[in-house]
Amino acid sequence: MKNQTAPKSKDYFRSFYKGNKLLFVAVLLITPFLTAAYLSITVLIGQLLDIITDGTEAQLLKVSILILATIAAYFLLGILEGRLKARFIQKAVRNYRNFCYGKLTAKAISAFSKENTGRYLSVLTNDVTAIEDKYLANIFDVVFDLFLFVATLCLLMYYSPVLTVVSIVLCILPLVVAISMGGRMAVNEKAVSEQNEKFVGSLQDLLRGFSVIKSFKAESRVKTVFSSENEQLEDKKFSRRWYQRLMYVSASAASLFMQLGLFAVATFLALRGNITVGTVLIFANGANYLVSPIRELPQLFAGIKSAKALVVKMSEVAEENVRSDGLKIEGELNNEIALKDVSFGYGEDTILNGINLDLKKGGRYAIVGMSGSGKSTLLNLLMGANSDYTGSITIDGHELRDVNADSLYDVMSLIGQDVFCFNDTIKNNITMFGDFPENEVKTAAERAGLDKLISEKGYDYICGENGNGLSGGERQRISIARCLLKGTPVLLVDEATAALDAETAKSVNESILNLDDVTSVTVTHRLEESILKLYDEIFVLREGRIEEQGDFATLMQENGLFYSLYTLSNT
């Protein structure tokens, strides 16, 4: 599994650096100079201490000026490095989110029907925050710590090779402690991420089902579910937080042992006259500069490792259920859509059974039947929502399972029962943020019956979250206008006029049925003679089978199921 996901995740890591390499390199180039300034201050302070015991005022003035100049240089370099680093992280996170979202939207409808969108919310919010803090920021901290460690060793070697060897020996304990404890950090981080997915998914369900919860007075029971998920998430976060602290304290204790040991040896050498008091100070500070990377690097590496695991996880989520290949077909229907012995169900529940249909180019078809007869499922199969059917569905002879999803959406559009509206303008909800000529947008809006809404509120009216500023009928009209504007050769209509008044529904249906060169397949419960007579053929479903088919007059003469449905609907 690891070998399969690694190549895929490389593209996700590369997204951090797309158009961002110069900033990354600039920060890295500043780091050695920043480290040099940092260590120079320690050396100069050590020289000040030596001047106290054996020096002149002229030397004091010279060293003081150098200290001020070095502090100024350190300040300026730090400001520049901080701004460049912040800009790099900003662009990296933006690139990564855009790349990930692009990957998710590349999935077909069938992928989303199989997955929990709570996972997507988690990986694009909480996981991205963790990646920002523990990967992108940590990269530069690791480089700085490595420079600081190596530069400090070189500095100490210059002043006293003996003390440098002692420093290296004393470094072993904190290094062992930090490395031995660092491996578990990635495990804890992944556990938090997975639990957060569950929490976000559960929260989505609870908020989406708010009206149901209230109507059944299930607040207390649902609160128990929420509390349980919340507690499990916080338990995982507690484990991660506690282990981080345990790791830090253990590494700090080992580091303190090293510092005290080095300081004791340095003091002993100073008493014997082998080094100056200023050198003791340099080694005391140098010990801290050695300890700090040793204490921090394992945590930084552990954070980077855990963040990398989240990037790999993102790549797995985005690549899951994706079929990027497939036959690309032209965005047109030349002959027909044919269903041959199509059956479909979930588990042991059969929804469609042995369906045979021939939908000719330019034909106008209606699908009617009792609730649960499989009407909507049939349309969803045509939209490629599931490929687990038996039999065959072909578009101009091409099996639907083999057709590239993007190509399929160039051929078919679906006007569904559930309408989603963005918290944006009416115009953007109609055009789906595309660029269309004004006259085409206006024509689509008129055909969908949006004239009154637009005359009252205008195209720039903000629809609200999921269209809560509109009525159900207005949202449905926007959905219809979208599909009319898109202009695909096949239009699937699933109870699209259910929320509309009879007059508007009739007008919309007539607009759809009068579209030239459009093959329309409409699931409807409105059995009105004036509309039904416009269909070339009507398919009557019962328990997943086609019970009857024919035009309106033929079906009425047969005096069968359709006749019963029509009579019942009009009494």
Side-chain angles (χ1 to χ4, degrees), residues 336-345 350-360 362-383 385 389 391 393 412-419 473 476 479-480 483 490-515 518-571:
E336 65 174 5
I337 299 171
L339 289 80
K340 303 295 183 185
D341 298 320
V342 173
S343 297
F344 175 76
T350 301
I351 299 174
L352 297 174
N353 197 340
I355 299 293
N356 289 281
L357 294 177
D358 290 313
L359 307 173
K360 302 294 184 182
R364 296 169 295 182
Y365 303 95
I367 300 175
V368 302
M370 298 292 288
S371 178
S373 59
K375 303 185 297 296
S376 295
T377 300
L378 180 55
L379 292 194
N380 287 333
L381 287 185
L382 291 174
M383 281 298 295
Y389 57 87
I393 302 175
M412 299 190 189
S413 293
L414 173 66
I415 304 175
Q417 301 176 47
D418 299 321
V419 181
Q476 190 60 271
S479 173
I480 293 169
C483 290
V490 179
L491 191 59
L492 308 179
V493 186
D494 188 5
E495 302 279 16
T497 60
L500 306 181
D501 59 82
E503 185 179 346
T504 304
K506 181 179 179 181
S507 174
V508 169
N509 278 321
E510 287 177 345
S511 295
I512 292 172
L513 293 171
N514 289 329
L515 292 172
V518 172
T519 305
S520 62
V521 184
T522 304
V523 168
T524 182
H525 74 287
R526 290 180 180 269
L527 303 184
E528 299 174 12
E529 182 177 354
S530 60
I531 296 297
L532 291 171
K533 284 183 175 180
L534 297 177
Y535 292 107
D536 298 314
E537 197 164 11
I538 301 169
F539 302 101
V540 187
L541 266 63
R542 173 187 279 175
E543 296 180 351
R545 296 178 181 273
I546 295 180
E547 185 81 4
E548 299 170 349
Q549 65 185 83
D551 60 23
F552 176 76
T554 301
L555 292 175
M556 291 296 288
Q557 289 173 4
E558 289 180 355
N559 200 24
L561 176 59
F562 177 79
Y563 179 84
S564 299
L565 292 172
Y566 176 79
T567 304
L568 183 64
S569 177
N570 289 276
T571 54

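Remember, it's a predicted structure, so these values are computed and weren't measured experimentally.
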Validation row: Asn380, Leu382 side chains within 4.5 angstrom (heavy atoms)
no
Could you tell me if the side chain of Val521 sits less than 4.5 Å from the side chain of Ile367, heavy atoms only?
yes
Val490 and Ser413, any side-chain heavy atoms less than 4.5 Å apart
no
Is it true that a side-chain atom of Ser373 and a backbone atom of Arg542 form a donor plus acceptor pair closer than 3.5 Å?
no
As an exercise, state the distance from CD1 of Ile351 to OG of Ser343, rounded to the nearest 0.5 Å.
11.5 Å
Does the side-chain contact (heavy atoms from CB on, under 4.5 Å) test come out yes or no for Leu381 and Leu379, once each step is laid out?
CA-CA 5 Å; Leu381 287 185; Leu379 292 194; over 6 Å; no
Interatomic distance, NZ@Lys506 vs CZ@Arg526, rounded to 0.5 Å, equals 12.0 Å
Mind checking whether Val368 and Phe539 have side chains closer than 4.5 Å, heavy atoms only?
no
Take Leu541 and Glu547 through the test side-chain contact (heavy atoms from CB on, under 4.5 Å) and record every step on the way to the result.
CA-CA 6 Å; Leu541 266 63; Glu547 185 81 4; over 6 Å; no
Scanning both residues in full, the closest heavy-atom pair of Gly374 with Leu352 reads O-CD2, 3.5 Å
Nearest-0.5 Å distance that lies between atom CD1 in Ile538 and atom OH in Tyr365
12.5 Å
Grab the two heavy atoms, one from Ala338 and one from Asp358, that are nearest each other, plus how far apart they are.
CB-OD1, 3.6 Å
Output for pair (Leu357 CG, Gln549 CD), nearest 0.5 Å, gives 7.0 Å
Can you tell if the side chain of Glu510 reaches within under 4.5 Å of the side chain of Ile531, non-hydrogen atoms only?
yes
What side-chain donor-acceptor pairs closer than 3.5 Å can you find for residues 558-567, not counting sequence neighbours?
unit_1	atom_1	unit_2	atom_2	d
Ser564	OG	Gly560	O	3.2
Thr567	OG1	Tyr563	O	2.7

Ile415 and Cys483: which non-hydrogen atoms are nearest, and at how many Å?
CG1-SG, 3.3 Å
Ile337 side chain reached by Met412 side chain, heavy atoms, under 4.5 Å
yes
Quick check for you: to the nearest 0.5 Å, what is the distance between Ile546 atom CD1 and Leu378 atom CG?
7.5 Å
Heavy atoms only: give me the nearest Ile355-Gly544 pair and the separation to one decimal.
CD1-O, 3.3 Å
Cationic N near anionic O, under 4.0 Å, Asp551 to Arg364:
no
Taking all heavy atoms of Asn570 and all of Leu527, pick out the closest pair and write down the distance.
ND2-O, 2.9 Å
Working to the nearest 0.5 Å, report the span between OG1 of Thr524 and NZ of Lys375.
9.5 Å
